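So the structure is just underneath, and the comments pick up after that.
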2 protein chains.
Amino acid sequence: MTAPRPGARRPDGYDPHAFEPFAVTVDLAVFTVREERLQVLLVQRGQEPYQGAWALPGGFVLPRESAGQAARRELAEETGLSDTTVAHLHLEQLRTYSDPDRDPRMRVVSVAYTALVPDLPEPRGGGDAAHAQWLPHGTYGPLAFDHDAILADAHERVGAKLEYTCLATAFCPPEFTLGELRQVYETVWGVELDRPNFRRKVLTTPGFVQAVEGPPRLTGGRGKPAALYRAGEATALHPPLLRPEGRQK
Amino acid sequence: MTAPRPGARRPDGYDPHAFEPFAVTVDLAVFTVREERLQVLLVQRGQEPYQGAWALPGGFVLPRESAGQAARRELAEETGLSDTTVAHLHLEQLRTYSDPDRDPRMRVVSVAYTALVPDLPEPRGGGDAAHAQWLPHGTYGPLAFDHDAILADAHERVGAKLEYTCLATAFCPPEFTLGELRQVYETVWGVELDRPNFRRKVLTTPGFVQAVEGPPRLTGGRGKPAALYRAGEATALHPPLLRPEGRQK
DNA sequence: ACAAAAGTGTTACGCATACACCCATGC
DNA sequence: GCATGGGTGTATGCGTAACACTTTTGT
């Protein structure tokens, strides 16, 4: 077991018979905050295995593209958004899932990505029934393949990243209120935050958000009109904004 | 661009001609703290491309193993340690590197792993010159392939994880002093920490370390003998131990 | 005696928490 | 008026930073 097997170690060169072909795919865990709930983009499988079950959108990595390029291409296809719109969305590699039996048909190694999108009109433009749609997180049965595990990892990652990055703005439209931003945290973390303290934390963090000058206020329903902000330049958050009673695992 | 291409989307089934064979490998970024320096396990390439350059150890994922199993197998091979010893080392998936041109010979998708090991006797037991050896971080020329980028990502990840996990104990032998543990932080972060404050932080965090009862003290050279500790049960660190002036990127 | 490292104690400050309170709008 | 959400102010407490001091070894 410990002895090197000739042909399987890279530094000694490639033996074309030392490996079987692997399929490499990407899977997407796409989140949005919509109607005060965390929603996930899913597709319904049309054939075996797992026919009828919900699954994460995804597809093959093409011969001349990186996994990241494949993920963004698939994201554009599944959401029906323009390439330029998708180019600005937050897309981040999660991790790679490589269990030999994760797909019963063949050996598939999948690089999972997490995407955060604002509350878009609707997933797709066409009427294609096989396309992806939003489902509130946790309201679907078991997902196909190992997608439940992928989605759980993605949710945990997103929740953790809200603590020490400015990532929450990725869930918001270009201009947003602090109430909307706070809604993101509360929805992803499943907790309530103190409004005054949240406001201070965000406004005193340099580069988290920047005030929109022109119209100093706008309404989202009833209540006092709120000031509008844009995402700032900063990406990190020091010190972090820890979730209350934060035990993450 | 936005239209679905038949055969490339997974939910519509597998087209055996929709993809070319990808080779899937693992690369290992193995760190240790040794002689008050951060050291990296590297191998010297024996042939083109990048002949003579240092590279991360790694190898192919075999048809019936996961990437994680492949990483642990390679770690055992490169370090020459027994499988049971390697089974207890901290090994963690970093991310996957999939640029189509990252290897000039063929399409190789590599799942990178980060391993943290204590100050081991010497990397290997045999006399094989082609085996891996420790080099102080930053003292080698440019690495082969995209391994400089992988190693930089790994270093950043390890530094960040020390902030909010109990991972530092993975660099230490089974029993260690608080001075040794502090040395880990100082070496990885490249800063000096206040000894009394570090001590308090570690001891007041439940489950970070646990005191070794029997012999209450032991020496590591000159100075007052220090108490010994073992790694505790906890994995997370709340609140985190932030590095001074912590700008991580 | 001196240096070096472990261990204890103390103070000050920053930040987060937990409130109380006022403002502006829709109904 | 009342409910709802935005915005401001303030007291309290925890945790870290900074630093002084004692203890115990090797040389």
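Please read all numbers here as calculations on a predicted model, not as lab measurements. Just so it is clear: chains get the letters A, B, ... in the order the sequence lines come, proteins before strands, and each one is counted from 1.
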Tell me the interatomic distance from [X], atom [atom1], to [N], atom [atom2], rounded to whole angstroms.
| X | N | atom1 | atom2 | answer |
| --- | --- | --- | --- | --- |
| L178(B) | dT8(C) | CG | C1' | 14 Å |
| R199(A) | dC23(C) | CZ | P | 15 Å |
| L193(A) | dG6(D) | CG | C1' | 16 Å |
| R243(A) | dA16(C) | CZ | P | 17 Å |
| L203(A) | dT8(D) | CG | C1' | 12 Å |
| Q183(A) | dG6(D) | CD | C1' | 15 Å |
| F198(A) | dG5(D) | CZ | C1' | 15 Å |

- Task: Would you state whether a donor and an acceptor, one from the side chain of R195(B) and one from the base of dA5(C), lie under 3.5 Å apart?
- Result: no
- Query: Tell me, which pairs form a salt bridge (Lys or Arg N to Asp or Glu O under 4.0 Å) where one or both residues lie in residues 181-206 of chain A, sequence neighbours left out?
  - Reply: R182(A)-E186(A)
- Rounded distance (nearest 0.5 Å) linking atom OG1 of T114(A) with atom NE2 of H155(A): 11.0 Å
- Query: For dT25(C), does either OP1 or OP2 sit under 4.0 Å from a side-chain N or O belonging to R222(A)?
  - Reply: no
- Applying side chain to side chain donor-acceptor pair (under 3.5 Å), name anything that partners T205(B), two or more places apart in sequence or on another chain. none
- The side chain to side chain donor-acceptor pair (under 3.5 Å) partners of D146(B) (sequence neighbours excluded) come to R102(B)
- Listed by chain and number, what are the salt bridge (charged side-chain N to carboxylate O under 4.0 Å, His left out) partners of R37(A), not counting sequence neighbours? none
- Note on the structure: Readout for nucleotides 9-17 of chain D: B = base within 4.0 Å of protein heavy atom, S = sugar-phosphate only, - = neither; 5' to 3' it is BB-----SB
- Message: Test of understanding: with side-chain contact (heavy atoms from CB on, under 4.5 Å), list the residues that count as partners of A115(B), not counting sequence neighbours.
- Response: V30(B), L75(B), L91(B)
- dT25(D), dG6(D), dA6(C): which one has an atom nearest the side-chain heavy atoms of K224(B)? dA6(C)
